[in-house]
Amino acid sequence: MKKIFFLTISFITLINTTLNAQGMTEAGSLGLGAQFNSLFYGISAKYNFTEVHSGEIVVGGGNYKLPGDFSSFTATGRYLYNFDIDNENLRPYAFGQVGFWTLKYDGFTIFNVTTPEIKETSISYGLGGGIEYAFSGLEQLGFNAEIGYGGGSFGNGLSYSGVIFGVGFHYYFNL
């Protein structure tokens with residue numbers, strides 16, 4: 001998680017030297033940052049097609065050193081419908097998302113018992129709503145919080161679903 005944060009800040013700093021900042025609610029702006037959700041997390045790019053319609057891509061994953069080696073990769077596409085409330089510092093939205101996940105677990109041996117190797121893929125989905133906020137004077141930096149319902153299936157009979165919570169931040173640039 002520290003690596004994702006560091007890479008995101010580094011990328012925003014690099015891009016900021018070549019592009020002008022723009023408010024989070026303006027059409028044609030690109031928001032770069034990170035999105036953390038109870039189903040996925042990663043580096044995020046959000047583009048405002050208009051003041052009402054936005055798209056977002058979130059790519060992430062990780063390597064976890066549990067007993068055995070566990071790794072994951074997620075790629076999620078999201079559509080956001082932004083509600084117009086005549087406030088450039090506050091933007092409520094509804095979202096729909098579809099994602100692709102991979103999970104890999106190499107297993108381990110303890111007391112002469114070996115756990116199985118697991119490799120699975122899943123298509124995930126989600127619907128929900130949230131709110132993005134920017135402080136006065138920093139309209140180009142948006143912080144969001146959201147709640148929704150999501151789930152998916154790994155195809156081997158294992159499925160998951162439930163309430164999802166998320167937070168994120170994006171720095172918006174004028175293209």
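Numbers here are sequence positions counted from 1.
The side-chain contact (heavy atoms from CB on, under 4.5 Å) search around Y149 returns Y125, S161, not counting sequence neighbours. Applying the side-chain contact (heavy atoms from CB on, under 4.5 Å) criterion to I57, with sequence neighbours excluded, gives V59. Contacts of Y79 classified as ring-ring contact (aromatic ring centres under 6.0 Å, His included), with partners at least two apart in sequence or in another chain: H53. Listed by chain and residue number, F49 satisfy the ring-ring contact (aromatic ring centres under 6.0 Å, His included) test with Y47 (two or more places apart in sequence, or in another chain). Considering only residues two or more places apart in sequence or on other chains, I123 meets the side-chain contact (heavy atoms from CB on, under 4.5 Å) condition with V98, F100. Every residue was checked against the side chain to side chain donor-acceptor pair (under 3.5 Å) condition with T76, not counting sequence neighbours, and none meets it. With sequence neighbours excluded, the residues satisfying ring-ring contact (aromatic ring centres under 6.0 Å, His included) with F83 are Y81.
The list of salt bridge (charged side-chain N to carboxylate O under 4.0 Å, His left out) pairs with a residue in residues 140-151, not counting sequence neighbours, reads R78-E146. The salt bridge (charged side-chain N to carboxylate O under 4.0 Å, His left out) pairs that include a residue from residues 156-175 number zero, where partners must be two or more places apart or lie in different chains. Screening residues 27-48 for salt bridge (charged side-chain N to carboxylate O under 4.0 Å, His left out) gives K46-E132 as the qualifying pairs, with residues at least two apart or on separate chains.
Apart from V163 itself, the hydrophobic cluster it occupies contains I147, F165, where clustering links Ile, Leu, Val, Met, Phe, Trp and Tyr at side-chain heavy-atom distances under 4.5 Å. Membership of an apolar cluster is not assigned to L127, as no side-chain contact below 4.5 Å to another ILVMFWY residue is traced.
Checked by atom type, the side-chain pair T102/E120 shows no donor-acceptor distance below 3.5 Å.
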| query | Do Y172 and L32 pass the side-chain contact (heavy atoms from CB on, under 4.5 Å) test, and can you show the C-alpha distance, the side-chain angles, and the key distance before you say yes or no? | reply | CA-CA 7 Å; Y172 288 88; L32 299 176; over 6 Å; no
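Summarising the geometry of N89 relative to S136, their closest heavy-atom pair is ND2-OG, 3.0 Å, with the distance given to 0.1 Å.
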